[in-house]
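Computed from a prediction, not measured in an experiment: that's the story for all the values here. Order of the sequence lines sets the chain letters (A, B, ...), proteins ahead of strands, with each chain counted from 1. All values below come from the heavy atoms of this structure, side chains included, with hydrogens, waters and symmetry mates left out.
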Amino acid sequence: MGISMENSPREMSLTSLAHRSFEEMSKYRRKEPSDDRYCLEIVRRAVLQGDDEAWTVLYRQFSENLRLWFRRHPWKDMVLQYEQEEHYVDLAFERFWKSVRKQELSFTTLAAAMSYLHMCLNCSVMDMVRDGTRPKEAPLPDYTQANAPEPLVEDLYHENEVWEAMERLLPNDKEKRLAYLHFHCNLKAREIMQFCPGEFGSEHEIYRLKRNVIDRLIRNKDKFLWRLGGSES
Amino acid sequence: MTDCNNSMAPNDEELLSYALDDEPLPREKEGHLAYCFICQQRLDDYKRTHAYLLTRLYRTQCPSATMLNYYCADLLAMDQVPSIESHLHACPLCANEVAMIRQTLANFDPFPPEDEASAMPITARHIIASPVPQRRTSAAARSIIREGEWSQQYRAEALGILLQFSYSSNGDNLLLGVFSNGYVVSETNTCEGIVVDLYRAVDFQLMQGLARPSSPSQQHSTMPLQITQIDDLGNIVFNAIPGGKYTMVVHLPDCDVIIEDLTIS
Ligand SMILES: [Zn+2]
Ligand SMILES: [Zn+2]
């Protein structure tokens, strides 16, 4: 009878939980000893139980942190050209919700939950940069015009197969490495010299190797495309 | 592939650098290209093949952003680590992402201060390190310094920086940095873990003025040439740096310190 129900976060109303959680987070912010259970209970209800009201509370409690993390993010300026700050905050929440639910993660400390949320923000920023720098779709090369290969690979190719087919056609490690840096990383000759110091002697060597690679691929286009298609035997 | 026999025809290397890397062609060869069908066809083949392979292969081998974040946070299963590490060794793009993740982890503050500064553009929070005037080197000291070697002290608010450029015995060059404490980074009061980038000066300028990348690869020009972290003794080392002008950026938790005009001969 003397035991207050308030001591068990699972039994508390969302309103009291939100109130206690806010108090405890303020302590945590001031680096005073704090009780994480209230906040973690909100996370549990919001994500694992799919409680919409708990999700609203969670969003309110952490969105400011996410905004501040975003403003300090080293790639902030790079991604702001695609979308506004709010977009990345929302994406981070969405990612948090999905991964915690999917993996049924349960956090034992507030710090762990916040680190995970921070990681979700990082992923959202990185994905945007990856999308933004992805080359636009290019049609299949039409080498001979008159008897151009049918675009049979368009729907059949598998990314790994394209890479493996190309690797098989290239005779030595240097050409493979160059093909990787050019076609997989989209680095120009000058950038290859910068980011891979010591791997190639000069930009001239890079262009010479690249010419070999492209000529070889064009020469072997039938084999190459057949391998890509996989079904045209 | 049919080759053009005209003496003004660009050679394959010239054509490739023109077609794929936007490098200029000599004027007379550009003139030839304007009317030569054979060379135009060759250019077109190069462009199409490159574009096709790029769209099929670009970053197809890269681990997801989540995997790289898990890797940096030591959350990956043991058996997944070797493949990530070998990929990082091969892929400069992922290596750059991992450097960024490590930087955000090292600087992570769950409750960052809500100051105006954090909302300002990053350029407004830069401090340019100022060189500390040096005493003249004695003739005896000069005799042991090789041609092109130098050392310079800098100051940026409470942070003291000594940079020394020299050659190792095998002829490779070496840029050593010593960071003296004074800047309170954490309770331990050290600079350990702070990320330091070395940019080509031209790339750094490009990055600063970058409004919107017009081509996919333009982003890569804004990557540092080398990235490192300050160790527990306050030191950093960059080596095998190609000759040229460089800019160093020290990512302190709340601002970036920029050291300009570094000459590597
Ligand atoms: Zn021609
Ligand atoms: Zn990669």
Side-chain angles (χ1 to χ4, degrees), chain A residues 28-29 65 68-69 71-78 81 99 111 114-115 118-119 122-123 126-127 129-130 132-143 157 159-160 162-163 166 180-181 183-191 193-198 204 207-208 210-211 214-215 217-218, chain B residues 1 12-13 16-17 20-22 45-46 48-62 64-66 68-70 73 90-93 97 100-101 103-104 107-112 114 118-119 121-122 200 203 211-213 216-217 219-223 225 240-242 251 254:
Chain A
Y28 178 55
R29 180 200 299 255
N65 299 70
L68 293 172
W69 298 338
R71 287 174 196 167
R72 292 160 64 95
H73 198 282
W75 287 4
K76 175 197 70 175
D77 292 339
M78 214 191 297
Q81 61 189 313
S99 353
M114 290 180 89
S115 293
H118 174 251
M119 197 179 79
N122 243 352
C123 292
M126 283 168 68
D127 278 348
V129 172
R130 287 183 177 198
T133 54
R134 191 174 305 285
K136 302 285 164 288
E137 279 290 305
L140 199 68
D142 171 13
Y143 301 110
Y157 84 95
E159 284 142 348
N160 269 334
V162 182
W163 176 252
M166 190 162 79
Y180 183 87
L181 293 169
F183 303 123
H184 177 272
C185 302
N186 195 20
L187 293 179
K188 296 179 176 180
R190 189 176 64 88
E191 294 165 332
M193 290 300 288
Q194 272 184 40
F195 304 131
C196 312
H204 183 77
Y207 285 122
R208 187 176 52 75
K210 183 159 187 181
R211 187 203 55 198
I214 291 196
D215 282 351
L217 296 178
I218 293 176
Chain B
M1 208 178 297
D12 291 336
E13 283 83 359
L16 276 171
S17 67
L20 314 177
D21 293 357
D22 305 319
D45 282 349
Y46 282 157
R48 282 158 167 270
T49 308
H50 182 262
Y52 170 74
L53 287 169
L54 201 54
T55 54
R56 290 295 176 273
L57 294 171
Y58 184 66
R59 303 206 70 174
T60 51
Q61 312 288 304
C62 293
S64 66
T66 307
L68 292 185
N69 273 276
Y70 274 33
C91 176
L93 307 182
E97 289 180 342
M100 179 279 288
I101 298 168
Q103 182 188 341
T104 62
N107 296 341
F108 179 56
D109 177 354
F111 296 98
E114 226 166 305
S118 72
I122 197 154
R200 271 184 189 272
D203 291 340
R212 176 181 285 269
S217 60
Q219 183 236 333
H220 308 311
S221 312
T222 65
M223 294 203 301
L225 179 71
I241 312 164
H251 296 284
D254 61 352

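Taking both residues in full, the closest heavy atoms of B/Phe108 and A/Met114 are given as CZ-O, 4.1 Å, listed atom of the first, atom of the second, then distance. Counting all heavy atoms, side chain and backbone alike, B/Pro110 lies closest to A/Tyr28 at CG-OH, 3.9 Å. Taking both residues in full, the closest heavy atoms of A/Met119 and B/Tyr70 are given as CE-CE1, 2.9 Å, listed atom of the first, atom of the second, then distance. Minimum heavy-atom separation, B/Thr104 to A/His73: CG2-NE2, 4.0 Å. Minimum interatomic distance between A/Pro74 and B/Gln103 (heavy atoms only, all atoms of both residues): CB-NE2, 3.8 Å. In terms of heavy-atom proximity, A/Pro135 sits nearest to B/Leu54 at CG-CG, 3.5 Å.
Under the rule for a salt bridge (Lys or Arg N to Asp or Glu O under 4.0 Å), A/Arg208 has no partner lying at least two apart in sequence or in another chain. Remark: B/Asp21 engages no residue in a salt bridge (Lys or Arg N to Asp or Glu O under 4.0 Å) (not counting sequence neighbours).
Checking side-chain atoms of A/Trp69 against main-chain N and O of B/Asp109 turns up a donor-acceptor pair under 3.5 Å.
Atoms NE2 and CZ, on B/His251 and A/Arg72 in that order, are 13.5 Å from each other to the nearest 0.5 Å. Here B/Glu13 contributes atom CD and A/His204 contributes atom NE2; the two are 5.0 Å apart, rounded to the nearest 0.5 Å. The distance from the CZ atom of A/Arg190 to the OG atom of B/Ser17 is 13.0 Å, given to the nearest 0.5 Å. In this structure, B/His50 NE2 and A/Leu217 CG are separated by 11.5 Å, a value rounded to the nearest 0.5 Å. Going from atom OG1 of B/Thr49 over to atom CD1 of A/Ile218 covers 3.5 Å, rounded to the nearest 0.5 Å.
Within the 4.5 Å cutoff, no side-chain heavy atoms of B/Leu93 are placed close to those of A/Arg130. Counting heavy atoms from C-beta outward, B/Tyr46 and A/Asp215 have side chains that approach closer than 4.5 Å. Here the side chains of B/Arg56 and A/Trp163 are not in contact, with every heavy-atom distance at 4.5 Å or above. Side-chain atoms of B/Ile101 and A/Met126, non-hydrogen and from C-beta on, do get closer than 4.5 Å to each other. Considering only heavy atoms from C-beta on, A/His184 comes within 4.5 Å of B/Thr60 through its side chain.
In this structure, no portion of B/Ile241 lies under 4.5 Å from any heavy atom of chain A.
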Begin from the C-alpha positions of A/Met166 and B/Leu57 and carry the test side-chain contact (heavy atoms from CB on, under 4.5 Å) through to its verdict. CA-CA 10 Å; A/Met166 190 162 79; B/Leu57 294 171; 3.4 Å; yes

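Between chain A and the residues B/Cys62, B/Pro242, B/Ala90, B/Ala73, the largest count of heavy-atom pairs under 4.5 Å involves B/Ala90.
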